[in-house]
Protein chains: 2
Amino acid sequence: MEPLAEKKKAILESTLELVKENGFHGTPMSMVAKEAGVAAGTIYHYFDSKERLICELYSYVKQRAIDALQAGDNEDLPYQDRFFAIWMSLYTFYIKNPNVLRFFEQFVNSPYNTNIVEVRHDEFHSLLYLFFEKGIEQGHLRPVNPEILGVLAHGSIITTAKVYGRGKVRLGDAELKQIAQILWDGMSVR
Amino acid sequence: MEPLAEKKKAILESTLELVKENGFHGTPMSMVAKEAGVAAGTIYHYFDSKERLICELYSYVKQRAIDALQAGDNEDLPYQDRFFAIWMSLYTFYIKNPNVLRFFEQFVNSPYNTNIVEVRHDEFHSLLYLFFEKGIEQGHLRPVNPEILGVLAHGSIITTAKVYGRGKVRLGDAELKQIAQILWDGMSVR
DNA sequence: TGCTTTCAATTGAATATTCATTCGGTCGGC
DNA sequence: GCCGACCGAATGAATATTCAATTGAAAGCA
């Protein structure tokens, strides 16, 4: 709760950074400790185990994605504008936080994920779901399972951000707009 | 080369299976050996190290994806039909080989990947690239960077396969068609 | 105020375990 | 008897986790 103890935060941030570069294995607790400027034992004051550390980091970082999602949205705008605004703000979030993107991708496909986490209500997921559900109700989007629309849209964002991250393709604003447009044109009722 | 030594193949298949369940860490060489029915030392007869084993497995498995891609394609069909056929055959491949999907996702985001692999000509990638490039040239698709179109389409397949894999959503043939249609409608010139 | 007590935060060396890798040796065909 | 495939116990390096010891700030007390 409270402003997340100084050291606890440092541990989380260090882990995020190191996992991006070295993966889950490849980042021993001793390395995390060093990077965070604390003793190895201190980590265990805040986290029961490495597994818990990773899982808490996941929640911690996911909240940031939720914030980005909500910050970019404005319920007063026309639906289509909201779609593009959300697309762009999430994209921008991933571009600005490449370590988050990388961590997510690693975590989601790791055995850490199979466990309890995720089971409890997933806010990010339901925000997307509700947004697309509403689009269908209001007649903007095709009547396809909103779950699918949500992951398709999010997938396109992640995918585009990864392409950007590989650095081989330059993506200007115009091109980004084109990509979001592809999704919109495909999903919307014409 | 030659019909891939019996044991070598067993090692690769076992690794694929175990990595799916336990991740890269979490699958010690001893476990691979046991599952494959060989001695630990034998693995090192075929692979220099664990890293090499993982990387070779990646190539091995990727070839299967390429085969699926090509098997589903027929250059004589109209372009749009080819698009749907490719989409479906890759989707089917991932559905039938969930361990491949899982392994890919883990590998691509792991530090193993940053290394040399991938650098040399990536056939899967260029097959997709060429297909979309041709679609643009022939006026079927919007003039967007074919690289982007390729990863968007592939991303939608992977994403859909993952949703299926989570098992929470039932996906009938009609629904799959709808998803591919969304992509097509978005990318094609109307 | 000065003194003691308490206790959570912190340390980092020691522990115990887990694994990748090695290597001396066996086996079967040529 | 030569040789490559194969074996599996032994080795050695990592590394997650523990814990006895230290700190320092707040709380009680006189």
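First the proteins, then the strands, lettered A, B, ... as listed; each starts at 1.
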Tell me: CD of Glu51(A) to C1' of dT17(D), nearest whole Å?
-> 14 Å
May I ask you to check if Lys8(B) and Phe47(B) form a cation-pi contact, with NZ or CZ under 6.0 angstrom from the six-membered ring centre and within 45° of the axis?
-> yes
For Leu18(A) and dA16(D), give me the distance from atom CG to atom P, rounded to whole Å.
-> 12 Å
Go through dT21(C), dC6(D), dT11(C) for me and flag the one nearest to the Lys7(A) side chain.
-> dT11(C)
Starting at OH of Tyr112(B) and ending at C1' of dA20(C), how long is that distance when rounded to a whole Å?
-> 10 Å
For the pair made of CD1 in Ile11(A) and P in dA9(C), what is the distance, rounded to whole Å?
-> 12 Å
In whole angstroms, the gap separating P of dA5(D) from CZ of Phe47(B) amounts to 13 Å
Write down the distance between NE2 (His25(B)) and P (dC19(C)), rounded to a whole number of angstrom.
-> 11 Å
Under-4.0 Å side-chain N/O to phosphate OP1/OP2 contact, His45(A) with dA9(C) | yes
Take atom CD of Glu6(B) and atom P of dG4(D), then tell me their distance rounded to the nearest Å.
-> 21 Å
What is the nucleic acid contact for Tyr46(A), judged by heavy atoms within less than 4.0 Å: base, sugar-phosphate only, or nothing?
-> sugar-phosphate
Exam field: side chain Lys20(A) to backbone Leu101(A), donor-acceptor pair closer than 3.5 Å = no
Going by an N to O cut-off under 4.0 Å, is there a salt bridge joining Glu17(B) and Arg102(B)?
-> no
Any chance you could lay out the ring-ring contact (aromatic ring centres under 6.0 Å, His included) test for His140(B) and Phe83(B), step after step, and finish with the verdict?
-> CA-CA 11 Å; His140(B) 300 296; Phe83(B) 176 88; over 10 Å; no
Does Thr42(A) place a side-chain N or O at less than 4.0 Å from the phosphate oxygens OP1/OP2 of dT11(C)?
-> yes
Quick one: Tyr44(B) OH to dC7(D) P, roughly how many Å, whole number?
-> 15 Å
